Amino acid sequence: MEKTANIIEIFSSIQGEGPYIGCKQIFVRFARCNLSCKYCDTPFKEQEFCNIYLNKPEKLQNPISTEKLMQIISNFSQMPHHSISFTGGEPLLHTEFLSEFLPEFKKTFPKIKTYLETNGTLFEELNQIIENIDIISMDLKLKSSTESSIPLDKHKKFIETALKAQKEIYLKTVVSNKVYKEEIYQICELINSFENKILLVLQPVDSKNKEILLSPEELLKLQEKFLKKLDDVRVIPQVHKFLDLL
Ligand code: SF4
């Protein structure tokens, strides 16, 4: 039987975060998340309709089948895209769906890379679909932004799973002026426990709450602290918001 998933939206835009900033992507945003980060501003509740933004906005009844998603993606693929981004929520809550969809997608669109945006906690689920994932953008969840301890063990197993499968992975963490010293130490220790050089992206928090925003000086100082222990640490803000893009 065909698998289905509750999908919030499907659209084409540029990647606005991390080292692939500016690459044209098809975004598939899945509903549901296994975490509840304090400063989360991503809508991930299940929706009755999936919003599709192609030539004109369209609504489709949820849940969406893998076959239907392939049809929708075929319409988007008339424009050239660098990759297809599976985002959320947490897309790894939909591994049964993705296990059915990804092999078909890879066969039909061999030139479009598959890009997974994840909170880096569901390592067993990652293992089920990793074969058909090309790039992993993994969020590191800091206590200063989630108000719960960093899920270090899960993050470690997640990175191990990606590296074992020889996949490209980079880490991204949202930083505010509340980052604890202890968190810097824990993250550096986690990254240095791997032989591979792993990129760490510091993404300044974008919030209406001015009290947690970093000043330019604080941001540079924070990067310096990480660079004392790690090889590749880059400050990259969210670009799509400046450009008023989806
Ligand atoms: S992991 Fe992402 S989507 Fe889930 S609650 Fe945290 S910020 Fe929101």
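Computed over heavy atoms, backbone and side chain alike; hydrogens, waters and symmetry mates excluded. Counting starts at 1 for both ligands and their atoms, in listed order. Remember, predicted model here, so these are calculated numbers, not experimental data.
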Practice prompt. Around atom 8 (Fe) of ligand 1, list the protein N/O/S atoms within a radius below 2.8 Å, excluding water molecules.
Written response: C40 SG
Worksheet item: For K59 and N51, what are the C-alpha separation, side-chain angles and deciding distance, and is it a side-chain hydrogen bond (donor to acceptor under 3.5 Å, both in side chains)?
Response: CA-CA 5 Å; K59 282 182 186 294; N51 290 303; 2.8 Å; yes
Worksheet item: Where is the nearest protein heavy atom to atom 2 (Fe) of ligand 1: which residue, which atom, and how far?
Response: K141 NZ, 3.8 Å
Worksheet entry | Residues in ring-ring contact (aromatic ring centres under 6.0 Å, His included) contact with H94, at least two apart in sequence or another chain | F30
Item to complete: For the residue pair F11 and F27, categorise the inter-ring angle as parallel (less than 30°), tilted (30 to 60°) or perpendicular (more than 60°).
Response: parallel
Discussion item. Holding to salt bridge (charged side-chain N to carboxylate O under 4.0 Å, His left out), I want the full list of residues that pass it with K197, two or more places apart in sequence or in another chain.
Written reply: none
Discussion item. By the salt bridge (charged side-chain N to carboxylate O under 4.0 Å, His left out) test, which pairs, at least two apart or in different chains, include something from residues 76-99?
Written reply: K3-E96
Practice prompt. Tell me whether I64 is reachable from Y53 by hopping between hydrophobic residues (I, L, V, M, F, W, Y) whose side-chain heavy atoms are closer than 4.5 Å.
Written response: no
